[in-house]
4 protein chains.
Amino acid sequence: MNLRQRFGRALRLGVIGGGPASWIGAMHRSAAELDGWFRVSAGVLSSDAARSRAAGSALGLDAARSYGTVDEMLRAEAQRDDGIEAVAIMTPNDTHHPYAAAALDAGLDVICDKPVTHTHAQARDLAARVRAGARLFAIAHGYSAYPMTRLARHLVREGALGAIRLVQVEYIQFALASRIEDGAQTPRLRWLFDPARSGQALVMSAIGCHAQQLACFVAGQRVARVSADVGALVPGRRVIDHVSAQVQFDGGAHGTFTVTQAAAGGENDIRLRVYGEQGLIDWSHRAPSYLTLALQGEPVRTIGRGDAGLPSEVIAAGRTPRGHPEGLREAFANIYAELAQERVARTLGESLAAPLPYPRIDDGVHTMAFIEACLASQASGRWADVARD
Amino acid sequence: MNLRQRFGRALRLGVIGGGPASWIGAMHRSAAELDGWFRVSAGVLSSDAARSRAAGSALGLDAARSYGTVDEMLRAEAQRDDGIEAVAIMTPNDTHHPYAAAALDAGLDVICDKPVTHTHAQARDLAARVRAGARLFAIAHGYSAYPMTRLARHLVREGALGAIRLVQVEYIQFALASRIEDGAQTPRLRWLFDPARSGQALVMSAIGCHAQQLACFVAGQRVARVSADVGALVPGRRVIDHVSAQVQFDGGAHGTFTVTQAAAGGENDIRLRVYGEQGLIDWSHRAPSYLTLALQGEPVRTIGRGDAGLPSEVIAAGRTPRGHPEGLREAFANIYAELAQERVARTLGESLAAPLPYPRIDDGVHTMAFIEACLASQASGRWADVARD
Amino acid sequence: MNLRQRFGRALRLGVIGGGPASWIGAMHRSAAELDGWFRVSAGVLSSDAARSRAAGSALGLDAARSYGTVDEMLRAEAQRDDGIEAVAIMTPNDTHHPYAAAALDAGLDVICDKPVTHTHAQARDLAARVRAGARLFAIAHGYSAYPMTRLARHLVREGALGAIRLVQVEYIQFALASRIEDGAQTPRLRWLFDPARSGQALVMSAIGCHAQQLACFVAGQRVARVSADVGALVPGRRVIDHVSAQVQFDGGAHGTFTVTQAAAGGENDIRLRVYGEQGLIDWSHRAPSYLTLALQGEPVRTIGRGDAGLPSEVIAAGRTPRGHPEGLREAFANIYAELAQERVARTLGESLAAPLPYPRIDDGVHTMAFIEACLASQASGRWADVARD
Amino acid sequence: MNLRQRFGRALRLGVIGGGPASWIGAMHRSAAELDGWFRVSAGVLSSDAARSRAAGSALGLDAARSYGTVDEMLRAEAQRDDGIEAVAIMTPNDTHHPYAAAALDAGLDVICDKPVTHTHAQARDLAARVRAGARLFAIAHGYSAYPMTRLARHLVREGALGAIRLVQVEYIQFALASRIEDGAQTPRLRWLFDPARSGQALVMSAIGCHAQQLACFVAGQRVARVSADVGALVPGRRVIDHVSAQVQFDGGAHGTFTVTQAAAGGENDIRLRVYGEQGLIDWSHRAPSYLTLALQGEPVRTIGRGDAGLPSEVIAAGRTPRGHPEGLREAFANIYAELAQERVARTLGESLAAPLPYPRIDDGVHTMAFIEACLASQASGRWADVARD
């Protein structure tokens with residue numbers, strides 16, 4: 001029996017933030033439950049108690065455990081035998097520190113979205129609380145948790161590249177390419193463009209911290225010195241949308257660091273290259289299931305998730321066999337969701353605007369007719385007709 | 001409120017097959033629950049009742065609803081007020097027809113793995129039962145449920161390519177490249193290499209049906225005639241590992257169809273190209289979040305999931321913003337799983353073989369120090385040191 | 001001294017066809033002279049003697065050796081001490097056989113554009129003449145002369161893939177996507193759409209013969225049997241613009257063959273994949289300097305022209321070091337051509353419509369200022385200004 | 001008649017450097033002659049007069065015009081009616097300035113390899129001589145002469161991206177990844193590792209100047225300020241193999257600049273990205289015939305050389321139709337070279353070590369048999385045999 005089976009149940013998680021309209025909220029909750037390690041058991045989904053309850057039910061939470069404040073949740077859950085054992089925080093950046101501190105002080109583990117805090121001092125404060133309470137604390141830097149970024153770290157660690165000489169990381173994004181701060185202000189935009197809420201350097205809070213963490217994670221070195229060009233590429237902007245820097249790592253490597261959210265036409269491209277004395281590795285979010293390894297004097301290798309001979313820590317980070325992108329799960333989920341929509345609509349006596357495109361039994365009938373026609377063609381050496389129904 | 005919220009609860013799903021060791025079982029269950037449309041409520045996870053119960057608990061099922069046979073599950077669930085409303089079938093191919101027929105006859109909807117049945121006649125039989133009982137029936141052809149294959153279909157339908165002239169589909173895989181039938185025989189290998197259990201043409205059951213379904217789905221045409229080269233590329237093999245064919249569609253298009261599982265060195269490459277009088281579309285599983293559209297006389301376009309202006313049916317099939325591969329969810333899940341493993345191990349008084357690589361508070365401390373050093377460098381126009389802790 | 005140096009001079013070549021307006025003519029002539037093996041010494045550039053002479057001069061030929069007919073050239077050159085030793089034929093397809101036959105009978109070697117002839121019988125006739133006269137005869141199948149297709153052949157030959165099981169070749173092109181036969185008819189279109197002049201199957205004469213030759217060249221097998229879908233994808237067309245086929249090779253491999261010129265939106269995509277019992281190779285014209293080699297159970301390798309350890313026959317087929325595409329030569333040629341245009345225009349007292357973009361001395365001044373500023377920044381640890389002139 | 005035809009002859013070029021063993025020498029000479037604008041008429045191929053003559057003959061030069069020194073060539077050619085009109089310089093870097101200055105003073109145009117000089121002051125000196133003598137001066141920055149980098153410049157100029165905000169250029173190479181300065185020293189290595197001969201910053205002389213020039217060429221801005229990390233990535237090295245920098249352009253754009261020759265496993269990767277307020281362009285040497293254009297809110301476009309609607313300056317920089325990489329010329333040249341080798345070997349009574357792989361008449365016979373079998377299969381609806389000879 002594996003660890004999960006020996007434990008016999010899921011850990012109970014309370015979520016802070018990430019209401020029904022938030023994609024990152026759904027990501028956190030479904031990720032927490034994906035392998036059965038956690039069950040979302042309580043939450044603060046709105047600072048308005050009634051809204052929080054409504055949102056909780058929409059997500060399948062018990063109404064009694066949909067709280068109006070973090071404080072209320074921590075107190076109430078502490079009273080229950082089946083109280084939460086950890087919290088996941090996905091609220092605006094300025095609240096990460098107080099919520100995380102409160103949860104740690106309540107004896108809970110914390111999974112926190114990035115940036116971990118507003119300031120270095122706040123982060124050190126959390127670190128002290130983690131140590132004092134022997135708590136666990138994870139930051140949602142997803143890029144470092146792909147099987148292939150894990151493999152990258154493994155290769156660096158085992159010396160496949162030799163001593164590391166140069167690290168290039170970049171994260172190029174389009175989200176702030178236009179002056180969205182001049183248009184209608186949603187609550188999200190309001191806190192994003194308020195440095196008191198979103199962080200000292202917006203682009204670093206939003207994506208730069210991911211790039212730095214991934215570089216350090218894979219290279220196994222921390223940044224020792226930096227020379228940076230920091231500012232706004234978009235004229236007249238008052239928040240920081242661009243940082244380019246040279247860095248030097250504590251292990252001796254040099255590095256380049258480039259992040260911007262003002263790249264009109266860009267996508268969401270985080271890419272890491274690490275160069276050592278024997279060769280280089282190259283990983284890009286565009287093709288996250290592959291890692292390029294180029295050793296001097298040898299053909300370039302493209303290692304795919306699922307290839308033979310991968311280390312166990314890489315295998316453990318994947319869930320589908322070779323050649324199946326993880327997104328296949330979501331494609332399967334679409335089929336389930338569409339059949340469910342059709343069933344639910346029928347149950348409620350509603351009709352759908354258009355038929356849903358999931359594969360149906362008639363498609364199966366055609367497939368079987370096609371297979372039989374292939375066999376008939378082979379047998380006759382001629383063209384064969386496919387049965388019509 | 002959307003349909004799911006108005007319905008107020010998840011549909012109850014019974015699973016048939018897909019025990020703890022099966023990756024496709026975990027795919028089906030997590031896909032069913034991903035958006036909260038279904039909750040896995042019952043299952044037949046083994047034909048041995050005790051094993052089924054053990055497997056059920058390992059997956060978080062109620063022991064009372066972990067059954068030893070399909071028949072038992074259908075009868076017992078029919079007695080419950082909260083009985084299952086649908087079944088998902090992921091057993092060896094020869095059992096699809098009897099299990100699906102029984103579930104349909106019990107008034108349940110069915111989600112069935114492919115190939116839908118062994119023969120065309122069996123598929124027609126299921127189609128008749130679906131119609132007779134007004135049931136819903138979905139086949140797990142995930143490739144046609146990606147946002148970008150949905151977009152491909154949309155473009156063909158709305159005439160972006162003009163009349164369709166040529167369809168090229170291929171699925172090239174490595175799984176049967178060596179004579180695995182000569183080695184130690186697992187139960188899975190035993191039924192795979194028994195045509196009575198796996199299907200008349202193994203490669204068609206395994207992957208060819210996906211290729212045909214995807215081509216028909218996107219082109220909006222069914223196959224009318226076929227001229228095929230069917231057989232085994234691996235010498236001495238007694239099952240079919242390769243089919244190449246020319247096809248003609250009922251809408252007038254010509255096509256090529258190539259599937260093999262004997263491609264040593266191959267990955268799991270399904271690719272579809274559709275050519276019309278105005279241009280072509282090209283989709284490959286290697287980069288499932290992108291679709292190439294090339295219209296005659298214009299630059300080639302690469303359309304990404306999340307791009308502006310996509311049709312609502314494509315938007316509905318995605319869950320993350322532009323540039324985030326769906327697999328990011330699994331990366332997040334790794335972070336949750338690793339923190340959970342560490343917590344559970346501590347709770348059980350066990351120790352982990354090695355520290356797990358999820359981002360911790362110390363990483364957050366370094367990130368915040370790095371951000372502050374960038375700002376200091378910008379302020380001074382010089383290199384700045386990054387605080388060490 | 002190498003063979004060329006020991007020989008001490010270039011071979012003298014006569015060209016048949018490929019006047020000043022023909023891109024393929026310029027390709028043949030510059031290719032012939034590229035390494036100094038040939039010098040274009042005579043030609044028949046038009047069937048009109050005056051035009052042929054004018055065209056000859058425009059190309060730098062001696063007016064006396066610009067002939068009005070092939071017969072005239074063969075007779076006159078035979079009288080000269082420095083007469084031509086070979087001919088290159090790049091005329092409409094129906095003339096390949098008579099011109100090649102005449103040249104062979106005159107004791108000359110022949111380089112002939114494809115398709116070699118109109119019919120199998122004509123090709124056999126040429127083969128007999130080649131043997132009888134101990135002549136050399138090359139067909140301009142350029143795709144098989146790239147370093148990486150040479151490497152592909154080498155790998156197959158040396159058994160890197162084991163026994164060959166499957167060969168997939170395709171050539172997908174756009175040139176006949178619209179009904180160009182209905183518009184204004186240039187001389188070229190007139191002969192192209194006349195099967196008596198362009199060949200029994202237009203798409204095979206134009207591109208299909210390249211695909212077949214490349215597949216046979218690399219696989220080292222000839223086609224033994226074929227089952228084909230042959231016709232026009234464009235409605236109402238009277239020539240053949242599409243052939244899809246299954247093939248079986250004399251060495252036992254199966255194959256797929258797909259060529260069309262009716263792919264609206266397509267480019268000029270010839271791609272070859274060869275699968276053996278140990279792995280596969282994949283080459284595409286899109287990236288002709290790279291070859292993919294995927295051996296079962298190992299990471300995919302991308303071998304680049306210039307990589308260490310390539311066989312001598314591959315090295316011999318390249319002219320630039322690793323990582324420099326061959327097209328760099330043409331980029332260099334642009335710089336030479338632009339400076340020359342400016343000089344010639346000045347000499348003729350003409351002015352150019354716009355300044356040409358080649359790099360000039362002022363660009364060099366800026367480069368040197370930039371390099372010195374980099375060094376100054378490093379020395380000061382600060383930003384450095386770049387000198388303005 | 002075009003300019004070249006009106007001029008009626010090629011310009012006469014003298015080459016300085018680039019003996020028979022030098023690939024860059026062959027590049028320059030073949031590029032100069034490719035379109036007939038220049039004819040290489042004289043040269044200094046070695047500082048030893050006898051060797052220079054031998055090398056000149058090997059390249060097809062008149063022995064009388066193969067000189068032992070630049071001075072000798074300039075003086076002798078000035079006396080001839082058909083003397084050279086321009087020189088191309090491809091000698092070690094420290095000689096560029098004196099040779100270029102002498103040629104300019106002799107009234108000749110100059111095409112000079114990079115880096116143009118050793119110092120900014122020398123470059124300014126050449127600029128003054130160019131202006132004084134109304135000479136032309138080109139620097140061999142080939143990357144800026146590809147059709148697609150020309151298109152990139154055109155798009156920036158015409159405002160397709162709006163105001164330019166950010167420019168990223170990098171050139172990552174492997175040539176100095178190991179300590180080649182410690183091994184046996186060829187003459188080339190000796191001057192390369194001597195900063196007095198190769199330049200103040202080796203990596204800038206070798207490749208960095210290309211990266212800077214390309215960025216400025218496309219962005220249409222010059223560098224105004226720089227903050228650089230300059231040094232050696234390879235421990236103990238005394239020359240500069242790495243420069244990373246932030247730059248600011250005189251037009252207001254920010255930029256990143258990264259060049260190294262110490263990237264073990266790297267290839268020869270120069271890549272340029274330019275970001276404006278409306279979108280971005282991306283060009284890489286890996287696929288030089290394509291340019292990516294991504295405008296905010298629209299699908300990404302991949303523009304290929306030969307696409308419809310390109311500006312005339314881009315069309316003028318290409319020589320083959322859409323989809324044909326320029327390297328196809330070299331593939332053709334291989335066919336000519338191989339037939340020639342066989343003919344020359346026969347003439348000299350030598351035998352070749354192995355048969356050469358160019359397509360021969362027997363291949364043509366097989367092609368025609370294949371075509372006829374395709375037609376027979378279509379006619380019969382069955383498999384057809386391919387004739388064996």
Side-chain angles (χ1 to χ4, degrees), chain A residues 161-166 168 170 172 174 177-179 225 227-235 241-248 252-258 260 262-267 269 273-282 292-301 380-383, chain D residues 161-166 168 170 172 174 177-179 225 227-235 241-248 252-258 260 262-267 269 273-282 292-301 380-383:
Chain A
L161 306 183
I164 301 307
R165 291 172 172 174
L166 181 67
Q168 286 189 279
E170 59 180 38
I172 307 292
F174 62 96
S178 62
R179 288 274 300 242
R225 296 176 72 219
S227 172
D229 185 15
V230 176
L233 293 180
V234 173
D241 64 18
H242 164 249
V243 175
S244 290
Q246 282 103 236
V247 295
Q248 290 174 358
H254 292 246
T256 66
F257 174 92
T258 309
T260 183
E267 204 186 63
D269 287 328
R273 285 171 285 179
V274 178
Y275 304 79
E277 59 185 340
Q278 309 295 342
L280 66 89
I281 51 177
D282 189 349
T292 298
L293 169 65
L295 297 177
Q296 184 81 346
E298 301 187 17
V300 175
R301 290 173 174 84
S380 70
R382 286 186 163 281
W383 288 81
Chain D
L161 306 184
I164 301 307
R165 291 172 172 173
L166 181 67
Q168 287 189 278
E170 59 180 37
I172 307 293
F174 63 95
S178 62
R179 288 274 300 243
R225 298 175 70 220
S227 172
D229 185 15
V230 176
L233 294 181
V234 174
D241 64 19
H242 164 251
V243 175
S244 291
Q246 282 104 234
V247 295
Q248 291 173 0
H254 292 246
T256 67
F257 174 92
T258 309
T260 183
E267 202 185 64
D269 287 328
R273 286 171 285 178
V274 178
Y275 304 80
E277 59 185 341
Q278 309 294 340
L280 66 89
I281 51 178
D282 189 349
T292 298
L293 169 65
L295 296 177
Q296 183 81 347
E298 301 186 18
V300 175
R301 290 173 175 84
S380 70
R382 287 186 164 279
W383 287 82

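In the text below, chain A, chain B and the rest are named by the order of the sequence lines, each starting its count at 1. These numbers come from a predicted model, not from an experiment.
Taking every heavy atom of both residues into account, D:Ala264 and A:Gly276 meet most closely at CB-O, 3.5 Å. Minimum heavy-atom separation, A:Ser227 to D:Ser227: OG-OG, 3.6 Å. Nearest heavy-atom pair across A:Tyr275 and D:Ala263 is CD2-CB, 3.6 Å.
Your options are A:Gly297, A:Ala245, A:Gly266, and the one with the most heavy-atom pairs under 4.5 Å with chain D is A:Ala245. For the options D:Gln278, D:Glu267, D:Arg273, heavy-atom pairs under 4.5 Å to chain A are most numerous at D:Arg273. Most heavy-atom pairs under 4.5 Å with chain D: of the set A:Thr258, A:Leu293, A:Leu295, this distinction falls to A:Thr258.
Only the side chain of D:Ile172 comes within contact range of chain A, judged by heavy atoms closer than 4.5 Å. Using a 4.5 Å cut-off between heavy atoms, D:Ala228 touches chain A through its backbone atoms (N, CA, C, O) alone. The part of A:Thr260 that comes within reach of chain D is its side chain, from C-beta onward, which places non-hydrogen atoms under 4.5 angstrom from that chain. Of the atoms belonging to A:Leu233, heavy atoms from both backbone and side chain fall under 4.5 Å from chain D. Of the two parts of D:Glu298, neither the backbone nor the side chain holds a non-hydrogen atom closer than 4.5 Å to a non-hydrogen atom of chain A. D:Leu280 touches chain A through backbone and side chain together, each having a heavy atom under 4.5 Å away.
The CZ atom of D:Arg382 sits 7.0 Å away from the OG atom of A:Ser380 when rounded to the nearest 0.5 Å. With rounding to the nearest 0.5 Å, the separation of CG in A:Asp229 from NE2 in D:His254 is 5.5 Å.
Remark: D:Ile164 pairs with D:Val156, D:Leu161, D:Val167, D:Gln221, D:Ala253, D:Val274 by the side chain to side chain contact (heavy atoms under 4.5 Å, CB included) rule, at least two apart or across chains.
D:Thr256 places none of its side-chain heavy atoms less than 4.5 Å from the side chain of A:Thr256. By the 4.5 Å heavy-atom criterion applied to side chains, D:Gln168 and A:Glu170 are counted as neighbours.
With hydrogens and angles disregarded, a donor-acceptor distance shorter than 3.5 Å links the side chain of D:Gln246 to the backbone of A:Gln246.
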